[in-house]
Amino acid sequence: MGIRVIKPGLLSSIQDLGRYGYQKSGMAVSGAMDGLALQIGNLLLGNAKETAGLECTLLGPVLVFEKDQLIALTGGDLSAQIDGLAVPMWKPLYVHRGAVLSFGKAVKGCRTYLCVYGGFNLPEVLSSASTYLKAGIGGWKGRALKRDDLIPFKRLYTKSLKKFNWSSVPGIYPDLQSNRIRVLEGPEFKSFTRKSRSDFFEQSFSLSTQADRMGHYLDGPLLYRDQNGELLSAAVSFGTVQVPPQGKPIVLMADHQTTGGYPRIAQVITADLTCMAQMQAGHQIRFEGIGLAQAQELLVKRKQQLEELQKAITLKYG
Amino acid sequence: MISINPSLVQYYPLGDSAIVIQFGEGVNPLINTQIRAVTAWLDEYTFEGFVEYVPAFTTITVYYEPWILDYKELLSLMKEMIADIGEIQEPDESGIIEIPVLYGAEQGPDLQYVADFHQISTAELISVHSQAVYLVYMIGFVPGFPYLGGLDERIATPRKDVPRSVVPAGSVGIAGQQTGVYPIETPGGWQIIGRTPLNLFDPDRAAPALLKAGDRVRFKAIDQTTFIEIKGAKHGH
């Protein structure tokens, strides 16, 4: 009992909120590129927010349900359909056995999360169900989905409640059309030339076609340092903007390497990683500075919003 | 005994969910000793909001949950920790991990090149490489990849001009003043002089990485038969 893959789509992989505690062993964190969407999807179903879901990228998969199940679709809008009819996102959907979930045009964003009631029945590797594609670890057999895979459910939804009048509250999820990405200065910010520092904030960048779960290359003004000394490798994280010597910045994403030796000009704040993760190639962005305390307040606020959503939904399921 | 001088330690944020603690500049075993002392402390006394730490050559980066404690609170906690650590025992010289290596042939396609580069024989190169004791400064790049310091300058060799698209798991390489072992198959530009039958990264082990920052390592030359034996034993035959 589970979902069977008819077409795998461009890149569909199982992700939770990441594999923590092993970066000191060189192990990437991985996890959902848009962790906020995954959490909301789980909360809508009454799941623990960190439950693993399916991350579908740009060209979504075609999946058939082998049992009745309760699901939620969140994140980017890839025109989800069930049996050829458009279905709403951001709310629980009761899906019958034999139903076919497919996707169409990427209307907004590029990653949709499919959460299922109770989650998928997959073994955890190093305390996480996330797929780390490069090392072939975790998720479904350490890889992206392929045709004929059967991803098992952990539980079936058996409650009589099958019509749902609730959805995610507005205000938690950001506007994906936004061009603003807020950043903190990186440890090597001051080693960049005056012109590069001003270009970084005054000019626009756009997402290049070289963008995957490891990193997003940006097109725009090239950035240079005052002196080109080699740096000793140190930690980099999800959102680190590093600049190799040729000058083209890379925003590191969920599957980023644990350490790097390129200068770190900036760090995208955690609250704006959803927008960064949902961007399609060509999307224009402007970097805007923000204070550390303010960036942390945004995370405290988000945490509260998610807790409120969880409380409200727990009451509804009864 | 050595101790951490708190006035020489720098702290700065890496984004909104990590702090970097820097202990000095350059590749230096004394800095590594300080970093080990701090990571040992973090292993023992965790705190609410702590996520994980990543040691590197001169830094430890500590990831935390800002909704539990903010940067200022974490900063004072970290300063307190550094002050509390006080004097540090010198690292124990006795714990050297031996890594068997089959040098040359198809396992070490660059052995001859590196020997020629330094105008020495391959036997001399193997002897120099396998005599030294190396310090694991950090693990990074890919799961379980050790950055080893202490390579004899006589065999330090620049990276390849064009990286290989495939370097097999277990390959032992040289890049400048560093030597290291590729735990998984990956593209790579290091000069490959041999291969170990040991598995440096196995997610099914309790400690998935064979090595950790602060470990001491020595390479031991082995022959083809021993290589196959160790590799076979590993698979439980």
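Each chain gets a letter, A, B and so on, in the order the sequences are listed, and its residues count up from 1.
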Chain A heavy atoms under 4.5 Å from B:I184: which part of the residue, side chain, backbone, both or neither? side chain

For A:L126 and B:P203, which heavy atoms make the closest approach, and how far apart are they? CD2-O, 3.5 Å

Measure the spacing between CG of B:L42 and NZ of A:K24 and express it to the nearest 0.5 Å. 9.5 Å

Heavy-atom count check: over 12 atoms from other residues, nucleotides or ligands less than 6.0 Å from B:R154 CZ? no

Turns out that what part of B:Y137 lies under 4.5 Å from chain A's heavy atoms comes down to neither

What's the spacing between A:R182 CZ and B:D16 CG if we round to 0.5 Å? 10.5 Å

Is there a side chain to side chain contact (heavy atoms under 4.5 Å, CB included) between A:V29 and B:E52? Walk through the geometry before answering. CA-CA 11 Å; A:V29 176; B:E52 63 179 319; 4.0 Å; yes

Could you report the tightest heavy-atom contact between B:I139 and A:G26, atom names first, then the distance? CG2-N, 3.7 Å

Assert top hit (heavy-atom pairs under 4.5 Å, partner chain B, pool A:T270, A:L184, A:T258) equals A:T270

Do you know which of B:A213, B:A209, B:P66 has the most heavy-atom pairs under 4.5 Å to chain A? B:P66

Here the pair of heavy atoms bringing B:T59 nearest to A:A234 is OG1-CB, 3.7 Å

Contact class of B:Y12 relative to chain A, heavy atoms under 4.5 angstrom: side chain

Is the number of heavy atoms from other residues, nucleotides or ligands within 6.0 Å of CZ (A:F189) greater than 12? yes

May I ask you to name which of A:T240, A:V183, A:V236, A:V125 has the most heavy-atom pairs under 4.5 Å with chain B? A:V236

What's the verdict on side chain to side chain contact (heavy atoms under 4.5 Å, CB included) for B:F201 and A:I137, showing C-alpha distance, side-chain angles and the deciding distance? CA-CA 11 Å; B:F201 191 86; A:I137 284 170; 3.8 Å; yes

Please report the closest heavy-atom contact between A:S233 and B:Y147, naming both atoms and the distance. OG-OH, 4.4 Å

Could you check which of A:V300, A:L232, A:I269 has the highest count of heavy-atom pairs closer than 4.5 Å to chain B? A:L232

Please classify the contact of A:R264 with chain B as side chain, backbone, both or neither, using a heavy-atom distance under 4.5 Å. side chain

Sub-4.5 Å side-chain heavy-atom contact between B:P143 and A:Y132: yes

Decide if atom CD of A:Q227 counts as having more than 12 heavy atoms of other residues, nucleotides or ligands within a radius under 6.0 Å. yes

Working to the nearest 0.5 angstrom, can you tell me the gap between A:S237 OG and B:Y63 OH? 4.5 Å

Under the side chain to side chain contact (heavy atoms under 4.5 Å, CB included) rule, what do B:K212 and A:S25 come out as? Steps first, then yes or no, please. CA-CA 7 Å; B:K212 61 180 188 302; A:S25 305; over 6 Å; no

What residue in B:L14, B:D70, B:I68 has the most heavy-atom pairs under 4.5 Å with chain A? B:L14

Rounded to the nearest 0.5 Å, how far apart are CD of B:E73 and CD of A:Q296? 9.0 Å

At a 4.5 Å cut-off on heavy atoms, which part of B:P208 comes close to chain A: side chain, backbone, both, or neither? side chain

Could you tell me which of A:Q257, A:Q23, A:M27, A:Q267 has the largest number of non-hydrogen atom pairs under 4.5 Å with chain B? A:Q23

Rounded distance (nearest 0.5 Å) linking atom CZ of B:F145 with atom OG1 of A:T259: 9.5 Å

Decide if atom CD of B:E153 counts as having more than 12 heavy atoms of other residues, nucleotides or ligands within a radius under 6.0 Å. no

